[in-house]
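Beneath this line is the structure, given in structure tokens, with notes to follow.
Only a predicted model underlies this, so the values are computations on that prediction, with no experimental measurement involved.
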2 protein chains.
Amino acid sequence: MVLLVRAPAKSRERWQLPWRSLRPGETIDDEAAKLARKSLGTAPSLVEQVAAFGDKRRHPSGAELSVAFLALVDEETGEGVVGDAMWHAVEDLPPLPPRQRAMLEGVVTSLRSRLDQSPIAFHLLPSIFTLTQLQEIYELLLGRRLHKASFRRSLHAAWLVEPTDEWRSEGRGRPAQLFRYAPKKRRSGRRGVRFGA
Amino acid sequence: MVLLVRAPAKSRERWQLPWRSLRPGETIDDEAAKLARKSLGTAPSLVEQVAAFGDKRRHPSGAELSVAFLALVDEETGEGVVGDAMWHAVEDLPPLPPRQRAMLEGVVTSLRSRLDQSPIAFHLLPSIFTLTQLQEIYELLLGRRLHKASFRRSLHAAWLVEPTDEWRSEGRGRPAQLFRYAPKKRRSGRRGVRFGA
DNA sequence: TCAATAGTGTCTGTTAGACATTATGGA
DNA sequence: TCCATAATGTCTAACAGACACTATTGA
């Protein structure tokens with residue numbers, strides 16, 4: 001889901017990505033963090049620069065140059081958004097200003113491509129979660145189904161999570177054990193060379 | 001190797017990354033391409049945006065915001081640089097303006113991390129090359145030795161190169177067959193999920 | 001002839017994916 | 001009881017890395 005805010009009345013599009021102009025003397029990272037906090041009503045669990053966009057496409061600010069940032073919150077926290085902001089499904093977005101449309105596509109693409117390098121998925125979950133929840137996040141972001149046993153084996157080998165004593169029953173079947181994100185110190189050299197794309 | 005240009009006399013550092021200010025009405029990609037052509041004396045084989053830098057570190061332009069671009073040429077082409085530009089080894093660079101130092105580190109890191117997704121290495125080679133040359137580029141960028149037989153197997157499986165009829169003798173041993181970059185089919189679905197870092 | 005480099009065949013350990021099975025709760 | 005979901009054991013195919021070997025040149 002993407003957080004959009006209502007555009008001023010005279011705007012052609014009715015929704016926009018949250019944005020602000022860079023004030024002299026401020027750093028873009030600080031400004032991005034402030035904007036995220038203000039839009040969400042709370043601090044996001046991750047804020048990261050993605051790319052700069054300086055083409056001729058229109059941006060509401062009129063700026064020559066725009067820098068896109070990614071901020072993530074888990075679903076539960078995201079329910080507390082304030083003001084005229086609203087979550088929209090990525091696959092079903094209203095019209096956006098052209099440059100913002102390009103910025104959003106860049107952010108989503110970057111999110112997918114760095115999913116295996118960076119523990120991005122954990123920022124989209126509460127601090128305690130089931131492995132099925134975690135796998136569903138990965139499947140959502142990667143856009144394909146994953147093999148359950150294999151997913152858990154890899155996860156175990158990576159020492160990224162640790163079990164808690166809690167179990168949660170989600171409807172019918174056997175309750176799932178709850179885990180927390182707890183990366184252990186280890187950095188295995190990756191094997192092989194992949195010649196992708 | 002990194003192409004640096006001489007800084008104006010009053011500058012504290014004697015060398016700088018090539019840079020230019022964004023002119024109103026121009027796109028950053030066009031401006032980057034022009035700057036690369038002007039600095040190299042010829043068009044690079046790849047120009048790509050890496051990241052924006054808007055912290056308080058000093059940049060020669062005095063701009064609030066700088067956008068770093070990566071441009072690649074092969075060694076042979078790079079010998080034809082014009083003006084007061086000179087190639088410097090990445091491991092042995094002269095002092096640079098602070099923000100440019102950060103920009104360069106970001107570019108090199110990005111280069112390494114995307115090496116498996118993007119055919120970056122081929123932009124650093126002439127159009128015709130030996131597989132040993134290609135492997136040396138990968139080893140240089142990855143910073144580790146690769147297994148010869150395994151490297152060639154992966155390369156063959158990826159359908160990225162095709163052999164030519166030419167062979168080249170480099171000193172003593174058996175001559176090496178020359179290859180050209182000729183990506184055939186699109187990639188098949190990558191296996192597994194890697195939980196890196 | 002020897003030395004050096006290119007290129008390949010074979011074996012082994014690791015691991016992703018398929019499949020099956022057990023475990024444990026709710027209806 | 002049946003059913004749904006969690007969790008795990010086993011087999012197989014794919015593949016990275018090690019090793020050894022052949023091929024082909026220059027000295």
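Using a 4.0 Å heavy-atom criterion, one finds that A:Glu170 contacts no nucleic acid atom at all. When heavy atoms are screened at a 4.0 angstrom cut-off, B:Ser154 is found touching the sugar-phosphate backbone but no base atom. Here A:Ala176 lies in heavy-atom contact (under 4.0 Å) with sugar-phosphate atoms only.
The side chain of A:Ser169 places no N or O atom within less than 4.0 Å of a non-bridging phosphate oxygen (OP1 or OP2) of C:dG25. Distances shown here put a side-chain N or O of A:Thr132 below 4.0 Å from the OP1 or OP2 atom of D:dA6. At the phosphate of C:dG7, neither OP1 nor OP2 sits under 4.0 Å from any side-chain N or O atom of B:Arg174.
Taking the nucleotide of DNA chain D with the nearest heavy atom to each of A:Arg153 and A:Gln177, the more 5' of the two is matched to A:Gln177. Map A:Ala149 and B:Trp167 each onto its nearest nucleotide of DNA chain C; the residue landing nearer the 5' end is B:Trp167. Of the two residues near DNA chain C, A:Gly171 and B:Pro175, the one whose nearest nucleotide lies more 5' is B:Pro175. Place A:Thr130 and A:His147 on DNA chain D by their nearest nucleotides, and A:Thr130 ends up nearer the 5' end.
Summarising the geometry, the separation between CG on A:Leu134 and P on D:dA6 is reported as 13 Å, rounded to the nearest angstrom. C:dT8 atom C1' lies 15 Å from atom CG of B:Leu155, rounded to whole Å. As a whole-Å value, the separation of B:Arg144 CZ from D:dA16 P is 11 Å. Distance B:His156 NE2 to C:dG9 P: 10 Å, rounded to the nearest Å. Nucleotide D:dT5 holds its P atom 14 Å from the CD atom of A:Gln135, rounded to whole Å. At whole-Å resolution of the value, CG in A:Leu142 and P in C:dG17 are 11 Å apart. The nearest whole Å value for the distance from the CD atom in B:Gln133 to the P atom in C:dT5 is 14 Å. Counting to the nearest Å, the C1' atom of C:dA23 and the CZ atom of A:Arg172 are 16 Å from each other.
Classification of the A:Tyr138-B:Phe195 ring pair by plane angle, with boundaries at 30° and 60°, yields perpendicular. Taking the six-membered ring where tryptophan is involved, the planes of A:Trp15 and A:His88 are perpendicular, since the angle between them exceeds 60° and thus also 30°.
Donor-acceptor pairing under 3.5 Å, judged by distance alone, is absent between the side chain of A:Arg168 and the base of C:dG25. Side-chain atoms of B:Arg145 stay outside donor-acceptor range of the base of D:dG17, with no qualifying N/O pair under 3.5 Å.
No donor-acceptor contact under 3.5 angstrom links the side chains of B:Arg180 and B:Thr164, judged on distance only.
Of the possible polar contacts, one joining the B:Lys56 side chain to the A:Gly25 backbone as a donor-acceptor pair under 3.5 Å is found.
Nearest heavy atoms, B:Gly106 versus B:Val50: O-CG1, 4.0 Å.
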